[in-house]
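First the proteins, then the strands, lettered A, B, ... as listed; each starts at 1.
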2 protein chains.
Amino acid sequence: MKQSTPAAEDYLKTIYGHTEWQPEPITPSVLAARLGIAPSSVTEMVKKLAASGLLRHVPYGPLTLTPAGLLAATAVVRRHRLIETWLVRDMGYHWDEVHEEAEILEHSISDRLLDAMDARLDRPAHDPHGDPIPAADGSVAREPAILLAQATAGHSGRVLRISDRDSAILRDLAADSIGPGSALTVIEPPGTTNLLCVRLPDGQIRQLSPAAAGLIWVSA
Amino acid sequence: MKQSTPAAEDYLKTIYGHTEWQPEPITPSVLAARLGIAPSSVTEMVKKLAASGLLRHVPYGPLTLTPAGLLAATAVVRRHRLIETWLVRDMGYHWDEVHEEAEILEHSISDRLLDAMDARLDRPAHDPHGDPIPAADGSVAREPAILLAQATAGHSGRVLRISDRDSAILRDLAADSIGPGSALTVIEPPGTTNLLCVRLPDGQIRQLSPAAAGLIWVSA
DNA sequence: TTAGGGGTTTCGGTTTGCCTAAATATTTAC
DNA sequence: GTAAATATTTAGGCAAACCGAAACCCCTAA
Ligand SMILES: [Fe+2]
Ligand SMILES: [Fe+2]
Ligand SMILES: [Fe+2]
Ligand SMILES: [Fe+2]
């Protein structure tokens, strides 16, 4: 039961993140790509995490979190998302600027300070990108969502979350007044051009790149 | 010119801290004791820091910061003290609880976030223990101070700073209403008992242990 | 059904930062 | 002025995380 390191926390968080919006468990090579490290490094760490009882892994198979691993992972995700929320609400950051800072602070902040933030922010349920903030007990309130890129023409819904993977896209979307909570309707499927068109409540039309549509999740 | 690590930052900060209130440069063994690591580890890191131009060191001699090292050290001290101030002013911490948390966060916070804190706190000049917060350019506004343990009977002054090394003593002092800014007069030198007596402005008398008197600095 | 080919693991190596034990330099004490 | 005590450095090791190259497993497609 030794205290987990920043590296281990990032592994767990990334494994968790992969299954948060889709069911297939992650494979070592995908995990390596997401973390930006070599596959052989993943093999090593996976062995350690499995030995600590945080991960299930049969050689050459996919990676799944144990209950203990899931709790550790959601704890990191909770820290990450609360920090992002704090940065936006208290410290004057924009939602496209918070991810990198949170990526570091999530490994440094104490439980005491985290709870002080949580209280100060009034126990927020979602981070600036619309992602649910796990409770201290690891439970997550997740609404069913579909990827905008896979929505059919005529689909109407609210934007539930936008992945913070690409901050340039977040900036573009903000400039287009699209963010978590925005209502929109798909008015045209990817036709000859591969842009996706949506209509905003005020009647305005926006064209979204496939890259952007692949990061936006809307209510079903 | 590579980015300095948390370990290197702690070495520089501790070397700086040793000469902040007294002139003698620090020796490797004292540095090792302060950092809680083995002397041989200090030898190694000192070689690296000297090679990076942050430290001056002749074998078997004391350690002194170069101008570059001083700048790096005050940058860490600035981060540490601003974080402590933020924890007290914004996050509901008491002054005896902030040091450990700041010890970690000082290595994680970005310049961007540090400046946001600084602005939010209105560019504070002192941390919760009375220590001056270095400016971004490394300059420090330090008032001359003498250790209470070395003050003569009759000496009157204001408490300028109290070292945050021992949080139990900080709690005791707070319970005795003694903190940075308190006015006091030494009314009795360490006599048969080794306690130091001081009178507060309201006439109340406090007896201080030698350990406490060795952490309190008063105006000259 | 067997040969690729891609994903995974093993192996040996690197860096950082720490350790203990032993050697060496310096200071102090007689 | 030398001998003991103390301070510092050297030498050899270890653990955490990473790497690239090579071996290995597994699945598929000819
Ligand atoms: Fe994020
Ligand atoms: Fe992280
Ligand atoms: Fe402190
Ligand atoms: Fe530190």
**Message:** Could you check whether any side-chain N or O of B:Arg120 sits under 3.5 Å from a backbone N or O of A:Met91, counting only pairs where one atom can act as donor and the other as acceptor?
**Reply:**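 Answer holds: no.
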**Request:** Please check if the side chain of A:Thr66 supplies one atom and the backbone of A:Leu54 the other of a donor-acceptor pair under 3.5 Å.
**Result:** yes
**Prompt:** If you find the nucleotide of DNA chain C closest to A:Glu44 and the one closest to A:Gly61, which residue's nucleotide is nearer the 5' end?
**Reply:**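 With A:Glu44 and A:Gly61 compared, the 5'-side residue is A:Gly61.
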Any side-chain heavy-atom pair from [X] and [Y] closer than 4.5 angstrom?
X	Y	result
A:Arg89	A:Pro124	yes
A:Leu63	A:His18	no
B:Leu12	B:Leu65	yes

**Request:** Under 4.0 Å from any atom of DNA chain C, heavy atoms only: list the residues of residues 9-35 of chain B that qualify, in numerical order.
**Result:**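 Nucleic-acid contacts, sorted: B:Tyr11.
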**Item:** A:Lys47 vs C:dT9: side-chain N/O to OP1/OP2 distance below 4.0 Å
**Value:** no
**Item:** Under 4.0 angstrom between B:Ser41 side-chain N/O and C:dC18 OP1 or OP2
**Value:** no
**Request:** Write down the distance between NZ (A:Lys48) and C1' (C:dT9), rounded to a whole number of angstrom.
**Result:**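 Going from A:Lys48 (NZ) to C:dT9 (C1'), I get 15 Å.
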**Asked** For the pair made of OH in B:Tyr60 and P in C:dT28, what is the distance, rounded to whole Å?
**Response**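 Rounding to the nearest Å, OH of B:Tyr60 and P of C:dT28 are 16 Å apart.
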**B:Asp10 and B:His107: side chain donor to acceptor below 3.5 Å** = yes
**Asked** Base, sugar-phosphate alone, or nothing: which one does A:Ala7 contact when heavy atoms must sit under 4.0 Å apart?
**Response**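 Sugar-phosphate contact only - A:Ala7 comes under 4.0 Å of backbone atoms but never of a base.
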**Request:** List in chain and number order the residues that pass side chain to side chain contact (heavy atoms under 4.5 Å, CB included) with A:Ala211, two or more places apart in sequence or in another chain; answer none if no residue qualifies.
**Result:**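 Result, side chain to side chain contact (heavy atoms under 4.5 Å, CB included) vs A:Ala211: A:Ile169, A:Ser209.
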**Item:** Ring geometry between B:Trp86 and A:Trp86 (parallel below 30°, tilted from 30 to 60°, perpendicular above 60°)
**Value:**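 Tilted, since the angle between the ring planes falls between 30° and 60°.
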**Request:** Anything under 4.0 Å to a heavy atom of chain A counts; send over the first and last such nucleotide of DNA chain D, read 5' to 3'.
**Result:**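 Range of nucleotides touched by chain A: D:dA16 to D:dC25.
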**Message:** Heavy-atom nearest nucleotide on DNA chain D for A:Pro59 versus A:Ser40: which residue maps closer to 5'?
**Reply:**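 Between the two, 5'-proximity favours A:Ser40.
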